[in-house]
**Student:** 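Got a structure for you, questions after.
None of these values were measured; they are calculated from a predicted model. Start at 1 with the first residue, then count along the sequence. Atoms within a ligand are numbered from 1 in the order they appear, just like the ligands themselves.
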Amino acid sequence: MPPLGIAAILLFFIAYATVRIFMAKWYFVPEHNYLTPLYSPCVAENCVPGSSHFGTWLPALPFFIPLGIIAFPIVAGFRVTCYYYRKSGYRSLWASPQACAVKEPHTKYTGETRFPLIFMNAHRYFWYLAFAVLLINFYDAALGFKGTDGGFGIGLGTVIIWVNVLALAGYTLSCHVCRHITGGRLKHFSKHPLRYKFWTFVSKLNAKHGTYAMTSLFTVILTDAYIMAVSAGWFSDLRFIN
Ligand code: FES
């Protein structure tokens, strides 16, 4: 039952994200600068006015290329090659290996030494790109403190965006790659006290990597769905300040 549950969640997320990235509307709320993470950064000429926080340096994109084309392949590649999702995906979708001592449909097991699974080893490179996307998400979130009169303000959207960006930070910083970057290949921790501090912090997060992986999946969907609803006018943003 657990692999089935995980498979259902992963397939739901893939279906939701696919529909949303090709929708090309309802991804930005100009009054409060809310931009969904699925479209950030929006750098094409046909992005709605105000949503291009990093300028427009791509021409207008045809309907079959998502407006979030810069970050989406990075985020998707980072998640697909993540060790946690690999475990879930291999057990619930790929069926190889399914679990210890469980007979599987594949006759031969080659692990990640052959095409296509050899690409899983690119995870360490995806981390650097995903970290850059995370910084972009933080920038977007900071812009989300825009009040109705254009000054400072906080709404339910701001809170949801910040919960999401913190969950994404937890997911990215708890990655095994980050743990290796901060403390890997050191012979003496005593000679690198700062890296040891980072490594200790990341190691604590790392123990909860699976939780961050799943939580951030849902916070991304929640953030996108909320921004879609406000942008489409289904309901208005609940304001706490201004
Ligand atoms: Fe999951 Fe790196 S191991 S994001």
**Student:** Before we go on, tell me: are the rings of Tyr27 and Tyr39 under 6.0 Å apart, centre to centre?
**Tutor:** yes
**Student:** Taking C-beta and beyond as the side chain, do Ser40 and Asn137 meet within less than 4.5 Å on heavy atoms?
**Tutor:**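 Yes, their side chains come closer than 4.5 Å.
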**Student:** Have a look at ligand 1 and work out which part of Tyr85, if any, has a heavy atom under 4.0 Å from it: side chain, backbone, both or neither.
**Tutor:**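 No part of Tyr85 is near ligand 1 at this cut-off.
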**Student:** Which is it for Trp162 and Phe138 under the ring-ring contact (aromatic ring centres under 6.0 Å, His included) test, yes or no, and what are the steps along the way?
**Tutor:** CA-CA 8 Å; Trp162 272 92; Phe138 265 105; 5.7 Å; yes
**Student:** Using a cut-off of strictly less than 2.8 Å, determine whether Cys175 has an N/O/S atom near atom 2 (Fe) of ligand 1.
**Tutor:** yes
**Student:** Is atom 2 (Fe) of ligand 1 less than 2.8 Å from at least one N/O/S atom of His176?
**Tutor:** no
**Student:** Can you list the atoms of ligand 1 that are under 4.0 Å from a heavy atom of His123?
**Tutor:**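 Every atom of ligand 1 under 4.0 Å from some heavy atom of His123: 2 (Fe), 3 (S), 4 (S).
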**Student:** At less than 4.0 angstrom from any non-hydrogen atom of His209, what atoms of ligand 1 do you find?
**Tutor:** 1 (Fe), 3 (S), 4 (S)
**Student:** Atom 1 (Fe) of ligand 1 and Cys82: any N/O/S contact shorter than 2.8 Å?
**Tutor:** yes
**Student:** Side chain, backbone, both or neither: which applies to Trp127 and ligand 1 if a contact is any heavy-atom pair less than 4.0 Å apart?
**Tutor:**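 It is neither; nothing of Trp127 touches ligand 1.
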**Student:** Decide yes or no for Trp199 and Tyr196: does some side-chain heavy atom of the first lie under 4.5 Å from some side-chain heavy atom of the second?
**Tutor:** yes
**Student:** For ligand 1, which atoms have a heavy atom of Tyr83 less than 4.0 angstrom away?
**Tutor:**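 Near Tyr83, meaning under 4.0 Å from one of its heavy atoms, ligand 1 has 1 (Fe), 3 (S).
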**Student:** Hey, would you say the Phe22 and Phe64 ring centroids sit under 6.0 Å apart?
**Tutor:**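 Judged by ring-centre distance (under 6.0 Å), Phe22 and Phe64 do not meet the cut-off.
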**Student:** Hey, which of Phe131, Tyr84, Tyr212, Phe78 is the one that makes ring-ring contact (aromatic ring centres under 6.0 Å, His included) with Tyr171?
**Tutor:** Phe78
**Student:** How long is the straight-line distance from NE2 of His123 back to SG of Cys175, given to the nearest 0.5 Å?
**Tutor:** 3.5 Å
**Student:** Out of all atoms in ligand 1, which are within 4.0 Å of some heavy atom of Phe78? Include the element for each.
**Tutor:**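 Result: 4 (S).
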